[in-house]
2 protein chains.
Amino acid sequence: MATIADVAAAAGVSTSTVSYVLSGRRPISPATRARVEASIAELGYRPHAGARALAGRHTNVLALAAPLRSDINVPVIMQFVTSVVTAARSYDHDVLLLTNDEGSAGLERVAGSAMVDALIVMDIESDDARIPVLRRLRQPAVLIGLPNRPGGISCVDLDFAAAGYTAVAHLAEHGHRAVGLIGPPPAVYERGTSYATRFLAGFVDAVEEYGLASASHPSEPTFEGALACLNRIDDELPGVSALVVHNEAALSPLLGILRSSGRRVPEDVSVVAICPEDVALGLPIRMTSVDIPGHQLGALAVERVMSLLRGERGAETRLLAPSLAERDSCADAGTGPRAG
Amino acid sequence: MATIADVAAAAGVSTSTVSYVLSGRRPISPATRARVEASIAELGYRPHAGARALAGRHTNVLALAAPLRSDINVPVIMQFVTSVVTAARSYDHDVLLLTNDEGSAGLERVAGSAMVDALIVMDIESDDARIPVLRRLRQPAVLIGLPNRPGGISCVDLDFAAAGYTAVAHLAEHGHRAVGLIGPPPAVYERGTSYATRFLAGFVDAVEEYGLASASHPSEPTFEGALACLNRIDDELPGVSALVVHNEAALSPLLGILRSSGRRVPEDVSVVAICPEDVALGLPIRMTSVDIPGHQLGALAVERVMSLLRGERGAETRLLAPSLAERDSCADAGTGPRAG
DNA sequence: CTCCTAGGTCGAAGCGCTTCGACTTCTCTC
DNA sequence: GAGAGAAGTCGAAGCGCTTCGACCTAGGAG
């Protein structure tokens, strides 16, 4: 591989000049710049990332800690990952992918060995053990999620509490008096994953505020799980006329179960889904849904990271307001379908 | 951050000794080793990755080029990514994630700037434009997929042709004479993605060999897509008694469609799915399926990479034999269900 | 006409690590 | 009891880049 010295020799300048052409940190005459750029192109020169990291004290690499277990929310996670990588590339950065099961150790490793300039951490638990270590690290960090005590770390997330509230409010305003919540798998709650509990809190708030009856249960992301969950809700809440589904993978099975038990959506039961838009649109019924804007959140996280990298201080936490899209899965209680 | 010089000073040795303790490339007395290790622990020393890369000529990072579009096969891709990262970690390597829409440029960039030691490339097209550039690169590369001309590059994949054959053979042996194939989305074929065409080829082979009637069509990964695809198959092949589904996302909708149109699985129509095991088990019916062993393939790819990195030559291509698991979605033609 | 400043370029000093060669002890072997 | 070889350690030379200070040349201000 060509080195900066080769380029310098070919262009008849010093290596520092080549470096300044590349970084733009000092003025260079148009003539010199042209010669250097020609040599770079001719030699196919690419700066050695390691040398750069050593001398320049940054790597242009971001770490992304993602929950790579085969949980429910695979499509959402995929969206996050995709948008983080894409956004990072638009800032000329690459992404090093960490699994969450390395936990804090992975973060300490990549930060400690200066492999990355900053960290983005997903799947935050309410009392996440990684937060203290993140704070101890020198690198900027952004959480996709919201812990109880961010403690000076930037957070970016959907406002899941508001999402829970919004879903119920929508149903209440359509006259429903008894709503069930089909939640994420038990494991998600057990881990204390913050979006699950925040959503539930918003759900409960709205239920109380509107004076509704409710039942809520976690659901495994399988047909059987959805069935079991629905059965429990039916048991506890006999007159249930509306369902909020905060579990992508349960959506399709659920719809199947409802239909085969003769309950029409939305005539007999209204359903609000919490999921990415494309999931909401790919089902047999176009689902009224609260969007999980994975792409937007990933991009936002990267933007926060970049501004921290630029030296801007302050650990703002941004919770995106939920937006509910009315489609075909909700109707007024006791009546027929209603236009979205 | 502590440097190797700090550690050396604390332990009262030279930096080279610390380096040899770390790398094990020269004998070190137990006493010295102990002192050095104590200093390392005390100072929380971590070698600087950039410095290491510069001096040591390798980064311990792998590039993984994954199709991060929101295609159908999200769960499979997730499995690949997960297993590659996990396997890489077990060899003390990290993974830099590239999106496929950077194409060859991304590969050239990370390889050219010495960010990675080797590359793993997914979602290979029959005549993939990245293959020539991969060959030109110095770094070892492994494909997850199988192009027409691997040209000296190692490949790892499920034997999709055999998978197609196996699925049909299974059905034929149960007396089915007319089988339909619900394939991946049109876009997958249009890209010339190799697994789709290989699977189809195997399917057709078996159809001919067993003298069956058949119809095959791509399907969008939505409810509507599955419905349209099924309709076309029904039109072309009125007596169809068995379906092969090479499209994870169409599976759940399909089952719903069949049920609501009164066709029982497996009594009226047998279905063989091509998908990861957990998908096959999460549906309303435990699906007879040909497994896509994402975890195994990812791990295999990493192993190949590591052996190339160790200097072992030879570009073997490994196609894993498909294994069909009999479950509850297939029955003998014209009879009732049959034990798996 | 001199002085200052800005533009443009260079040389050299690191950045933190690995590795090569050399050196010093020991421990065998004959 | 001398020589060979292994074990254990050190010093120094890079690896390829960035950046600091210095230098030179013009052009404008006074």
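This one's a predicted model, so the numbers in the text were calculated from it and none came from an experiment. Chain A is the first sequence line, chain B the second, and so forth, proteins listed ahead of strands; every chain is numbered from 1. Scope of the values below: all heavy atoms of this structure, side chains included, with no hydrogens, waters or symmetry mates.
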S19(B) has a side chain; which of dC10(C), dG16(C), dT19(C) sits nearest to it? dT19(C)
Given [N], is OP1 or OP2 found less than 4.0 Å from the side-chain N or O atoms of [X]?
{"X": "S29(A)", "N": "dT9(C)", "answer": "yes"}
{"X": "T3(B)", "N": "dG16(C)", "answer": "no"}
{"X": "T32(A)", "N": "dT9(C)", "answer": "yes"}
{"X": "R25(B)", "N": "dT19(C)", "answer": "yes"}

Over all heavy atoms of both residues, which pair between [X] and [Y] is shortest? Give the atoms and the distance, please.
{"X": "M122(A)", "Y": "A66(A)", "value": "SD-CB, 3.9 Å"}
{"X": "D117(A)", "Y": "L309(A)", "value": "O-CD1, 3.7 Å"}
{"X": "A129(A)", "Y": "S104(A)", "value": "O-OG, 3.9 Å"}
{"X": "P150(A)", "Y": "I131(A)", "value": "O-CG2, 3.9 Å"}
{"X": "I144(A)", "Y": "G298(A)", "value": "CD1-CA, 4.5 Å"}

Send over the distance from [X] [atom1] to [N] [atom2], rounded to a whole Å.
{"X": "R52(B)", "N": "dG14(D)", "atom1": "CZ", "atom2": "P", "answer": "22 Å"}
{"X": "L22(A)", "N": "dC17(D)", "atom1": "CG", "atom2": "P", "answer": "9 Å"}
{"X": "I4(B)", "N": "dA12(D)", "atom1": "CD1", "atom2": "P", "answer": "16 Å"}
{"X": "H58(A)", "N": "dC15(C)", "atom1": "NE2", "atom2": "P", "answer": "17 Å"}
{"X": "R33(A)", "N": "dG7(C)", "atom1": "CZ", "atom2": "C1'", "answer": "13 Å"}
{"X": "D6(B)", "N": "dC15(C)", "atom1": "CG", "atom2": "C1'", "answer": "13 Å"}
{"X": "H48(B)", "N": "dC17(C)", "atom1": "NE2", "atom2": "P", "answer": "8 Å"}
{"X": "R46(B)", "N": "dC17(C)", "atom1": "CZ", "atom2": "C1'", "answer": "17 Å"}

Each nucleotide of nucleotides 20-25 of chain D classed B (base within 4.0 Å of a protein heavy atom), S (only sugar-phosphate) or -, in 5' to 3' order, makes BBB---
Decide if atom CZ of R318(A) counts as having more than 12 heavy atoms of other residues, nucleotides or ligands within a radius under 6.0 Å. no
Interatomic distance, CD1@I292(A) vs CG@L320(A), rounded to 0.5 Å, equals 12.0 Å
Base, sugar-phosphate, or nothing for S23(A), non-hydrogen atoms under 4.0 angstrom? nothing
When we call it a touch if two heavy atoms are under 4.0 Å apart, what does P27(B) touch: a base, just sugar-phosphate, or nothing? base
Using the closest heavy atom to pick a nucleotide of DNA chain D for each, name whichever of S14(B) or L54(B) lands nearer the 5' end. S14(B)
